[in-house]
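Some notes on the structure that comes next.
The chains referred to below are lettered A, B, ... by the order of the sequence lines, with proteins before strands, and numbering in each begins at 1.
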Protein chains: 2
Amino acid sequence: MGCGILTSMKELRASVEWRDGHLEVIDQTALPARLEVRRLETVAGVVAAIREMVVRGAPVIGVCGAFAMVLGLGERKPATAAGAHRELELLSAEIGAARPTAVNLSWAVRRVAEAAARGGTVEEVRRLALAQALRIQEEDRESCRRIADFGRAELARVSRVMTHCNTGRLATSGIGTALGIVYAKAEAGEPVEVIATETRPLLQGSRLTAWELMDAGIPVTLVPDSATGPALAAGRAEVVIVGCDRVALSGATANKIGTYNLATVARANGIPFYVAGPMTSFDPQLEDGSRIPIEQRPAAELRRFDVTPPDLITAFITDVGVLRPPFAQSIARAIDQAQRLGLR
Amino acid sequence: MGCGILTSMKELRASVEWRDGHLEVIDQTALPARLEVRRLETVAGVVAAIREMVVRGAPVIGVCGAFAMVLGLGERKPATAAGAHRELELLSAEIGAARPTAVNLSWAVRRVAEAAARGGTVEEVRRLALAQALRIQEEDRESCRRIADFGRAELARVSRVMTHCNTGRLATSGIGTALGIVYAKAEAGEPVEVIATETRPLLQGSRLTAWELMDAGIPVTLVPDSATGPALAAGRAEVVIVGCDRVALSGATANKIGTYNLATVARANGIPFYVAGPMTSFDPQLEDGSRIPIEQRPAAELRRFDVTPPDLITAFITDVGVLRPPFAQSIARAIDQAQRLGLR
């Protein structure tokens, strides 16, 4: 993975990479104008990159946060193992606050702090923290692959996919969640094309998804969020697949604003509506959607997300399989299974 | 009506006005940055203003086209009444082509040409043409007022209105269609507030509707087109009212892209969905919606409009009254009534 301006994501292994003791990330604010890799060498640098959405996408934010824990140990140079444990506690709070809505971020930094707590020397703490960060990244890659394989099997006869927001190589360390299914179909030589919504208010569909798919050589058509209904009514897509920020036990799904409208027009047109995501996005603490729109958060955060009721969702495509209604049962079962498999 | 930069629409009688032998219009491309009145003195100037959307809104385009016929007679100085009639025929084709989707435009220029055909002298032709253009403008004002009064009676207990695109004082010579109902409620001292969609792709909701309502002192909240479902689910509006570009005999309604999605999420949330417009927007030549999306037009035109199926529409609020389902009967009856009343 090189630094500087590149011409295609094909030159990279992933949108985020640990290399020679620092982090390299694609600057998502520079796209689609230019594909720029930025080097992040400090905790402050990673926190700023998360805050300014240089990196975005729940899995990528989690991975960046995990590596920021390692950078923090290097910067603060604790003298003892106990000091290193204290620093990791402080760091996990500091890094976790960079974007409070991102469940993956606080989860990833907690995992690094807990894994490193076993270390008896400063060097061992650092080694355990780095191993855990690398493991979180590898798990993200594997999750994407599993979601993609389950999705490809589920949607074997589908070639025209509508999607919302950005859920591919930029948003994860792997091939993505909803877009990962598209990439897996393309890799397998199956015909596939995408209708991407522009995704107001931050235009992550037009700036990121359309660019990313063109970069990968997959046909993509961009539509305003408001044009999804007519496009579905005209038969332009056989299925809708979106990602998810957080899923309640009922199946109610918090995701980028526009997901609820898209699910509603899909239902009205008899088009299946799938949610793709890893089991880490399912929250056993949330019974239903009513508690998802987090009242304490700033108005701007609220406006970026909505909650789609479970009755509009055909199925969830996860890293443990396809979950179908009734979701109360299938989600609870899948959470148990994911815990047994160490996937959450 | 003055020329130049103004501070409020309250300084104007209307967004389009005939004054001292020329046309004065609000430059809608300059809003919301500045409220600028532009003088149009030639046919070419009016055609360019229509093409570049300096003026937009079906009724305003029709009124501008009608006055452009009068400007054309002045420019081309026909020597005889027969020459004047020939010029009006040429002008009606030329002006009508400025924006082919706008039914009101071709209808208005035809009306001027036909009314002036009775003139026996050049001066009489010009006088009849001007009288007809002024009459079209006055009818537009009266239509708005009637729609507003019918709408105010229909929606007497409603104070929170969601709307799409721009259908008010900028789009008509009067107080508007969907927004006219809002203005009528405000004038009557009834509480009223508006949730306006930003209306992609041209942002006519954020650039025009939000500005226009703020200028009038009416509370307005702007939402992305993709956020209408969550806003309705949260009880933010009691009713949706939109305008219309063209209505088929079945009630299928062509309007700005996003209308179909909005109608679908309104229906899913049990929110009444009203279409407000004059009887001139109803097209007796169109049986149903399937023939509305006009295949011969450029792709850009198609993407600006969609067709909302009649089963998603609660009622039409027109200048002859409120038309309820079954629309096949109520629309046919209303067209007859409008013809008897000389409203179309």
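- Per-residue counts of heavy-atom pairs under 4.5 Å with chain B were compared for A:A263, A:A231, A:G229; the largest is that of A:G229.
- A salt bridge links A:E238 with A:R160: the closest approach of a Lys/Arg side-chain nitrogen to an acidic carboxylate oxygen falls below 4.0 angstrom.
- Sorted by first and then second residue, the salt bridge (Lys or Arg N to Asp or Glu O under 4.0 Å) pairs with a member in residues 322-332 of chain A read A:E154-A:R324; sequence neighbours excluded.
- In this structure A:T228 satisfies the side-chain hydrogen bond (donor to acceptor under 3.5 Å, both in side chains) test together with B:N261, sequence neighbours excluded.
- No side-chain N or O of A:R207 forms a donor-acceptor pair with one of A:N166 less than 3.5 Å apart.
- Contact count against chain B (heavy-atom pairs under 4.5 Å) is highest for A:V265 among A:L232, A:T259, A:V223, A:V265.
- For B:D27, the side-chain hydrogen bond (donor to acceptor under 3.5 Å, both in side chains) partners at least two apart in sequence or on another chain are B:T29, B:R38.
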### Message
Walk me through whether A:E212 and A:I218 qualify under side-chain contact (heavy atoms from CB on, under 4.5 Å).
### Response
CA-CA 9 Å; A:E212 182 181 327; A:I218 293 172; over 6 Å; no

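- Proximity to chain A among residues 267-274 of chain B is limited to B:A268, B:N269, judged by heavy-atom separations below 4.5 angstrom.
- Under a cutoff of 6.0 Å and an axis angle of 45°, B:R246 and B:F282 do not form a cation-pi pair.
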